[in-house]
Amino acid sequence: MMTRNADETKKIAVDLASTLHGGEVVLLVGDLGAGKTTFVQGLAAALGSTSRVKSPTFAVMNEYTATFGAIRRIVHADLYRFSSADDVRALALDDEHRPDTVIVIEWPNAIAYDFRADHTVIIDHAGGDSREVTIQ
Ligand code: ADP
Ligand code: MG
């Protein structure tokens with residue numbers, strides 16, 4: 001889907017959020033500034049989070065409370081600075097999997113690691129503020 005601004009990308013995230021039940025993993029693939037964190041903002045808001053979603057590039061992992069169906073928690077990781085599968089294993093993301101949790105991961109493609117994923121969101125720059133958003 002083509003979006004022309006950040007709000008349109010968030011709207012796609014809202015639509016995806018409405019299909020979630022808890023226990024899912026969502027991967028976000030795209031260059032710096034593509035709109036991965038913007039997408040997570042739309043997703044988190046739709047899941048009832050009132051937290052300010054920022055790129056957890058320095059924190060690596062942030063957690064937000066949620067209230068949507070059985071979903072009570074969003075775990076948001078950004079692996080931009082990771083360089084190896086060992087870094088991913090050390091983060092122990094698998095330990096965060098719970099039926100009440102949605103895990104979203106920015107930059108999963110930076111590392112050769114086989115992430116379990118229910119949805120992969122690919123965001124590509126398409127000139128100016130346009131983005132091509134693909135959900136697999
Ligand atoms: P990433 O996390 O992929 O590095 P961010 O979501 O942090 O990217 O930043 C994307 C930037 O691009 C934001 O400033 C956002 O407002 C802007 N932007 C402009 N057009 C769009 C669009 N169509 N979709 C998403 N973000 C957009
Ligand atoms: Mg980001």
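Since the structure is predicted, the reported quantities are computational estimates derived from the model, not experimental observations. The basis for the numbers below is simple: all heavy atoms, side chains too, and nothing from hydrogens, waters or symmetry mates. Numbers here are sequence positions counted from 1. One-based numbering, in listed order, for ligands and for the atoms of each.
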- Query: Taking the Mg ion (ligand 2) as the vertex, how big is the angle to OG1 in Thr37 and OE1 in Glu106, rounded to 10°?
  - Reply: 90°
- Item | Ion pair check, Asp15 and Lys11, cut-off under 4.0 Å | yes
- Message: In this structure, would Met1 and Ile122 fall into the same cluster of hydrophobic residues linked by side-chain contacts under 4.5 Å?
- Response: no
- Message: Taking Glu96 first and then Arg73, would you say they form a salt bridge - that is, a charged N and a carboxylate O separated by under 4.0 Å?
- Response: yes
- Pick one: which of Leu16, Val53, Val104 meets side-chain contact (heavy atoms from CB on, under 4.5 Å) with Phe39? Leu16
- Query: Is the closest basic N to carboxylate O distance between Arg116 and Asp114 below 4.0 Å?
  - Reply: no
- Message: Could you check whether Tyr113 and Phe115 have their ring centres less than 6.0 Å apart?
- Response: yes
- Near ligand 1 (heavy atom, under 4.0 angstrom), the protein residues are Thr3, Arg4, Asn5, Ala6, Thr9, Asp31, Leu32, Gly33, Ala34, Gly35, Lys36, Thr37, Thr38, Glu106, Asp129, Arg131
